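Quick notes on the structure that follows.
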Amino acid sequence: MVVDRVGRSVSGRPSLVHYDGATHRTFQAPPRAWEEIYCRREPRPFECAYRGLDTTKELYEYDEEDAETSSFEVRDGGVYATVDIPEGSYVMPSHLAASLEIPAGSVDL
């Protein structure tokens with residue numbers, strides 16, 4: 001548990017008296033204001049370039065329940081695109097896909 005790893009305060013009382021799920025959530029996803037302040041630093045941290053979605057880009061989703069609207073299909077142990085996906089488009093943004101690694105050999109198919 002987190003409480004066991006943090007240790008006691010100088011007074012001997014637990015350090016995390018009011019540490020609950022809501023508090024933990026703020027460490028996993030910081031408030032927007034904290035994110036904004038962080039990204040105003042100089043030099044600007046590289047990860048700040050990836051905040052938010054560009055609304056002009058196309059979205060390509062996987063829908064296992066409706067094969068006609070899905071841009072992907074699962075077969076032969078792999079995931080395959082059923083449509084051409086232009087460079088810079090978003091692949092499964094609703095699944096919060098932060099990164100997608102495509103081997104160089106797959107691009108040439």
Side-chain angles (χ1 to χ4, degrees):
M1 288 183 76
V2 174
V3 175
D4 297 331
R5 289 183 290 184
V6 172
R8 300 250 175 217
S9 63
V10 176
S11 67
R13 297 182 60 195
S15 300
L16 302 175
V17 176
H18 300 291
Y19 190 85
D20 59 1
T23 304
H24 188 76
R25 175 80 175 125
T26 63
F27 289 103
Q28 290 178 326
R32 175 88 175 149
W34 291 9
E35 186 177 285
E36 188 66 34
I37 290 169
Y38 174 79
C39 289
R40 287 183 181 175
R41 299 185 331 183
E42 290 293 333
R44 186 171 187 222
F46 77 94
E47 60 268 19
C48 294
Y50 302 104
R51 296 187 317 161
L53 294 177
D54 183 354
T55 57
T56 62
K57 300 290 184 177
E58 290 287 328
L59 306 177
Y60 293 89
E61 292 284 356
Y62 169 65
D63 187 354
E64 62 184 315
E65 296 175 1
D66 187 5
E68 289 188 22
T69 61
S70 181
S71 301
F72 304 94
E73 66 180 354
V74 178
R75 62 179 159 78
D76 304 325
V79 179
Y80 298 90
T82 58
V83 296
D84 286 334
I85 300 176
E87 184 176 342
S89 299
Y90 292 113
V91 175
M92 299 187 298
S94 65
H95 291 86
L96 300 176
S99 64
L100 177 66
E101 184 175 325
I102 301 174
S106 298
V107 177
D108 297 331
L109 294 176

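Nothing here was measured: the structure is a model prediction, and the numbers come from that model.
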Are W34 and Y38 connected, step by step, through hydrophobic side chains (Ile, Leu, Val, Met, Phe, Trp, Tyr) whose heavy atoms are closer than 4.5 Å? no
Backbone N or O of S71 within a donor-acceptor pair of the T82 side chain at under 3.5 Å? yes
Counting only heavy atoms not in D66, do more than 12 sit closer than 6.0 Å to its CG atom? yes
Set of side chain to side chain donor-acceptor pair (under 3.5 Å) partners for D76, sequence neighbours left out: none
Contact list for residues 30-46, test salt bridge (Lys or Arg N to Asp or Glu O under 4.0 Å), sequence neighbours left out: R32-E35, E35-R51, E36-R40, E36-R51
Y90 to K57 - nearest heavy-atom pair and separation: CE1-CB, 3.5 Å
Could you please spell out the steps behind the side chain to side chain contact (heavy atoms under 4.5 Å, CB included) verdict for Y60 and V83? CA-CA 9 Å; Y60 293 89; V83 296; 3.8 Å; yes
